Amino acid sequence: MKAVQYVEFGKPVEVREIPAPQPGPGQVLLKVTAAGVCHSDIFVMSQPPGTFGSDAPLTLGHEGAGTVAALGDGVTGFEIGDAVVVYGPWGCGSCHACAQGKENYCTRAEELGIRPPGLGAPGALADYVLVDDARHLVPIGDLDPIQTVPLTDAGLTPYHAIKRSLDKLYAGSTAVVLGVGGLGHIGVQLIRALSTAQVIALDVSDDKLELARKSGAHLAIKSDDKAADIVREATNGLGAQVVLDFAGVQPTVDLAVACAGVESDLTIVGIGGGVLPVGFGRVPYECSVSTPYWGSRSELIELIDLARHGAVSAHVEKYALTDAPDVYDRLHHGRINGRAVLIPG
Ligand SMILES: [Zn+2]
Ligand SMILES: [Zn+2]
């Protein structure tokens with residue numbers, strides 16, 4: 001089968017021919033129908049091989065959709081041909097966090113060598129992907145897998161980040177979204193779907209500001225040195241109750257704190273390496289700063305339901321699986337609008 005692999009540190013991805021996997025006991029083999037391309041793959045490839053617990057070559061792709069192609073011994077509850085998406089942050093399934101569906105915070109994953117697909121385990125940017133356990137599958141029925149696959153990360157990550165702040169997204173409050181890429185544009189839709197708050201989106205690119213408006217932002221403004229003043233003006237001088245930074249680079253982290261109000265939630269979602277000094281006088285009074293990671297199994301189920309009701313819809317650029325090297329290059333240079341989804345031939 002074809003697989004998009006990170007082969008050599010600092011080199012572009014390669015589309016390679018590798019043997020298709022077979023499901024062992026408890027595992028499920030999916031024929032991939034769509035797989036998303038994420039900025040964090042570029043982060044992975046900027047780290048030396050071995051950093052994510054698996055030596056190169058590593059098949060990328062932590063957003064996967066497919067149909068059940070084969071069931072390992074003992075798997076029940078799924079039939080061949082069922083359409084599913086993959087819950088990516090795999091955990092052990094039985095620790096205290098996993099028992100609550102929060103496998104993204106599994107306390108034993110590292111010790112047991114459990115890695116998410118595409119981030120250590122072989123990922124979904126291939127003709128087939130092996131899923132370690134049927135509990136990591138969420139049925140999607142007749143939803144379009146191409147439109148739906150970004151929800152597994154580009155949707156789930158903002159959904160989890162927004163849910164912690166729902167009590168601050170009341171009528172008359174403001175949410176600021178920094179960075180309107182794959183995650184940010186779905187984040188804007190989710191805030192609109194889940195609350196009555198005003199949404200202000202900031203980005204450096206005009207295309208992405210346009211996408212922010214289409215996604216439901218009340219105000220979409222250039223992320224520059226005037227942006228914080230515009231946010232203050234739009235919030236009667238108070239600042240925003242919720243600030244979500246989907247880039248997480250130093251300029252956006254600095255802007256995030258400049259936009260935040262008293263008793264706000266400031267959530268750094270992007271893994272851009274920006275640092276926010278937290279201390280008395282450094283952030284507004286009672287500003288709560290958090291760095292969440294991905295989301296829970298139940299949240300992915302909720303999100304698929306939101307998609308079924310039309311409340312959220314990813315803006316997708318479609319490519320063939322073999323286009324992967326070019327797609328990563330475009331993503332790296334900020335030339336993907338919304339989410340790039342690759343489709344195996
Ligand atoms: Zn990702
Ligand atoms: Zn666990």
Side-chain angles (χ1 to χ4, degrees), residues 4 6 13 26 34-47 51-53 58-65 85-125 129 132-133 135-136 148-161 179-187 190 244-249 267-273 291-300 303 314-317 324 327-328 330-332 334 336 338-342:
V4 176
Y6 162 44
V13 298
V37 170
C38 181
H39 243 289
S40 49
D41 296 336
I42 293 171
F43 176 75
V44 169
M45 289 185 280
S46 72
Q47 310 295 310
T51 309
F52 288 88
L58 169 68
T59 302
L60 294 166
H62 53 274
E63 287 184 349
V85 290
V86 180
Y87 172 77
W90 296 349
C92 73
S94 49
C95 72
H96 188 262
C98 285
Q100 300 168 80
K102 297 192 281 193
E103 298 199 26
N104 49 324
Y105 299 141
C106 175
T107 53
R108 298 196 64 204
E110 187 153 347
E111 156 200 356
L112 297 172
I114 300 169
R115 303 283 176 176
L119 296 167
L125 285 171
V129 63
D132 68 338
D133 193 291
R135 75 172 185 278
H136 294 141
T148 308
V149 73
L151 298 182
T152 58
D153 172 25
L156 181 56
T157 301
Y159 186 66
H160 177 71
V180 192
L183 280 73
H185 87 284
I186 300 180
L190 287 169
L244 296 152
D245 182 356
F246 289 106
V249 294
T267 304
I268 301 171
V269 183
I271 53 173
T291 54
Y293 168 68
W294 224 328
S296 70
R297 280 172 54 207
S298 56
E299 285 168 343
L300 181 57
L303 199 47
H315 181 85
V316 162
E317 289 189 12
V327 171
Y328 275 104
R330 294 175 65 90
L331 185 65
H332 184 62
I336 297 287
R339 197 57 145 186
V341 171
L342 305 191

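In this text, all values refer to a predicted model and were calculated from it rather than measured experimentally. Along the sequence shown, residues are numbered consecutively beginning with 1. Atoms within each ligand, like the ligands themselves, are counted from 1 in listed order.
In E110, the CD atom is not crowded: 12 or fewer heavy atoms of neighbouring residues, nucleotides or ligands sit closer than 6.0 Å.
For the atom pair OH (Y328) and CG (L342), the distance works out to 7.0 Å, reported to the nearest 0.5 Å. Atom CG in L183 sits 6.5 Å away from atom SG in C38 (nearest 0.5 Å). Atom CZ of residue R339 and atom CG of residue L151 lie 10.5 Å apart, to the nearest 0.5 angstrom.
The shortest distance between side-chain heavy atoms of W90 and L119 does not fall below 4.5 Å. Residues I114 and E103 fail the side-chain proximity criterion, which asks for heavy atoms closer than 4.5 Å.
Ring geometry for W294 versus H62: interplanar angle over 60°, hence perpendicular rather than tilted (30 to 60°).
Taking 2.8 Å as the criterion, H39 does not count as a coordinating residue of the Zn ion (ligand 1), since none of its N, O or S atoms falls below it. Contact annotation: D153 places an N, O or S atom under 2.8 Å from the Zn ion (ligand 1).
Sorted by chain and number, the protein atoms of type N, O or S within less than 2.8 Å of the Zn ion (ligand 2) are C92 SG, C95 SG, C98 SG, C106 SG.
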